[in-house]
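Let me begin by presenting the structure, written as structure tokens, before commenting on it.
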Amino acid sequence: RHKDRITTAEAAMKYVKAGDTVFIGTGCGEPQHLVKSLVENAEHLNDVHIVHLLTLGVAPYVKEPHRDRFKMNTMFISENVREAVTKGVGDYTPIFISEIPGEFESGRLTLDVALVMVTPPDVNGLCSLGVSGDIVSAATANAKYVIAQVNTKMPRSMGASFIHVNQIDCL
């Protein structure tokens, strides 16, 4: 039903432009395939600002060959970005998690692209953010473009953790 939104990760990266701020989904909901594709298809990019709360998987944008294209700002220093923050090539913003959605909503932290992971759409077109029910919903609501990695293994969580497929630019 949503074939017009289904594409490859590589093709979806056309939404990311030089100077953009890119949000990466949180924790176990980090869209690792999209993150890898972002870095692998970055030859046209520079000055891309990566923003995330907590990532547990890959973080190739903080590695030496990619530091000239990406600048990272984390709101929690996890193992995969600790060295970058320690060396001063990545930033850390101490903030209460409850205050982050307000930063997105007010425009103090503008998001151009949100890379997230979702469940497949249900019969009503709703995708669950699953295990990323923290700030990801606010990020998708305030980003200009939303690129979602669909994961059939992502659990559907209830509450305010849904995004309609029409609010997603690429699946």
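Along the sequence shown, residues are numbered consecutively beginning with 1. Everything numeric here is computed off the predicted structure, so don't read it as measured data.
In this structure, CG in Leu109 is found 8.0 Å from CD1 in Ile95, a value given to the nearest 0.5 Å. To the nearest 0.5 Å, atom SG of residue Cys127 and atom CG of residue Asn166 are 10.0 Å apart. Here Glu30 contributes atom CD and Met117 contributes atom CE; the two are 7.5 Å apart, rounded to the nearest 0.5 Å. Between the NZ atom in Lys144 and the CG atom in Asp112 there is a gap of 4.0 Å [rounded to 0.5 Å]. In this structure, the separation between CD1 on Ile50 and OG1 on Thr74 is 11.5 Å, given to the nearest 0.5 Å. For the atom pair CG (Leu111) and NE2 (His49), the distance works out to 12.5 Å, reported to the nearest 0.5 Å.
Under 4.0 Å is where a charged nitrogen must lie from a carboxylate oxygen, and between Arg156 and Asp122 at least one such pair does. A salt bridge does not link Glu40 with Lys36: none of the charged nitrogens is closer than 4.0 Å to a carboxylate oxygen.
Relative orientation of the Phe104 and Phe23 rings is perpendicular, given thresholds of 30° and 60° on the angle between their planes.
Not one N or O on the side chain of Asp47 forms a donor-acceptor pair closer than 3.5 Å with the backbone of Phe70. Between the side chain of Glu10 and the backbone N or O of Asn41, no donor-acceptor pair lies under 3.5 Å.
Met13 and Val118 fall into different hydrophobic clusters, defined by Ile, Leu, Val, Met, Phe, Trp and Tyr side-chain heavy atoms under 4.5 Å apart, directly or through other members.
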